[in-house]
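This structure is a prediction, so every number in the text was calculated from the model and none was measured. We count ligands from 1, going down the list as the structure has it; atoms in each ligand are counted the same way.
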Amino acid sequence: MNKLIRFFVTHIPRPALIRFSFLFVALVRPFYYGRNVECPICGRRFRSFLPYGNQGQPNRLCPGCLSLERHRLMWFYLNHFSQFFTTPAKVLHVAPEQPFIYRFKECKNLVYHTADLLSPIADMHFNIMQIPLDDNLYDVVFCNHVLEHVNDDLAAMKELYRVMKPDGWAILQVPVDPRRTLTYEDKSITRPKERAKAFGQYDHLRVHGLDYPQRLASAGFEVDTFDINDHLTPVEIARYRLDPSELLYIARKKNP
Ligand SMILES: [Zn+2]
């Protein structure tokens, strides 16, 4: 059964898993009965999380809500270190992640808008390098794991900044390679196989390095860093299956 589950999660794209998640979760959950790990998003406990990724890396994907480490980290920040769930706010969520979308929609304090280039479940459809919206609209913007895919990430950051209200804040996560000081991009690399080799995934256009917060700053943001190691013990980080090397960047638009 473990081999079968590994086959499913490594060969079927996560969006498809999510689409059939009700069935998938009902099938696999009995095999993950236990209390070793805990998902802060759906609140369920399991023997372990499901494997996920190219190599089927063990203990990553929640069998309850299909969250990954990065979703659980963001949830932890929103729930314990922000007023996101209590203060009225107008929110723009670009490429909304499935573990969040329905939970955010249910929050009475939020006016919640979703956007995506194509996804039929999004409220609006646009390219984030040219957002067809007025300035100063949103208190909170989320746009995670998108900026590594767009042609000009700085143009997209400036557009996200523009549609935010002064004093608004954003979470704009990208995969950061901690071995790189500077972001690496090469516009001459266009073929999917070459991109996979150079940038780590066939549809990535760059690898962001440790200069990522400076790139956000060049678009106008003030950036705070949230490090989960400052707030949870290693035992807690292991129980929630968070990635202790992942930093959360909180990008703020300061009142001019
Ligand atoms: Zn979960």
Does the pair Asp153/Arg215 count as a salt bridge with the N-to-O cut at 4.0 Å?
yes

If you measure from the Lys or Arg side-chain nitrogens to the Asp or Glu carboxylate oxygens, is any gap between Asp139 and Lys165 under 4.0 Å?
yes

Around the Zn ion (ligand 1), how many protein N/O/S atoms fall inside 2.8 Å?
4

Does anything in residues 237-252 pair up under side chain to side chain donor-acceptor pair (under 3.5 Å), and if so which pairs, sequence neighbours excluded?
Glu38-Arg239, Gln173-Glu246, Asp224-Arg252, Asp243-Ser245

Is the NZ or CZ atom of Lys90 both under 6.0 Å from the centre of the six-membered ring of Tyr138 and within 45° of that ring's axis?
yes

Cation over ring face, Arg60 and Phe49, 6.0 Å, 45°
no

Quick check on ring-ring contact (aromatic ring centres under 6.0 Å, His included): which of Tyr112, Phe100, Phe84 does Phe142 satisfy it with?
Phe84

